[in-house]
Amino acid sequence: MIGLVLPFVGVIGLIPFTNGVTWTLWNIPFLYLWIFAWFILTSVCLAICWLCFDRHRPETA
């Protein structure tokens with residue numbers, strides 16, 4: 001759920017809501033900042049999944 005659903009909802013599900021925001025940062029529209037932020041947040045979500053579930057799994061040959 002954390003590694004797949006949360007990034008999917010953040011990027012695909014919330015784009016209609018973020019598309020209406022007119023705020024900019026250094027003349028970059030908020031929608032582009034939102035999508036770029038989710039590149040980083042998706043990596044954070046996958047790291048959380050790895051720390052919680054796969055880190056303690058013994059490696060197989």
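For the numbers below, each heavy atom of this structure counts, side chains included, while hydrogens, waters and symmetry mates do not.
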task: Taking the side chain as every heavy atom from C-beta outward, state whether L25 and W23 have any pair of such atoms under 4.5 Å apart.
output: yes
- prompt: Any side-chain heavy atom of I15 sitting closer than 4.5 Å to one from I35?
  reply: yes
Distance, nearest 0.5 Å, that separates SG of C45 from CH2 of W38: 5.5 Å
query: Which word best sums up how the rings of W34 and F30 line up, parallel for under 30°, tilted for 30 to 60°, or perpendicular for over 60°?
result: tilted
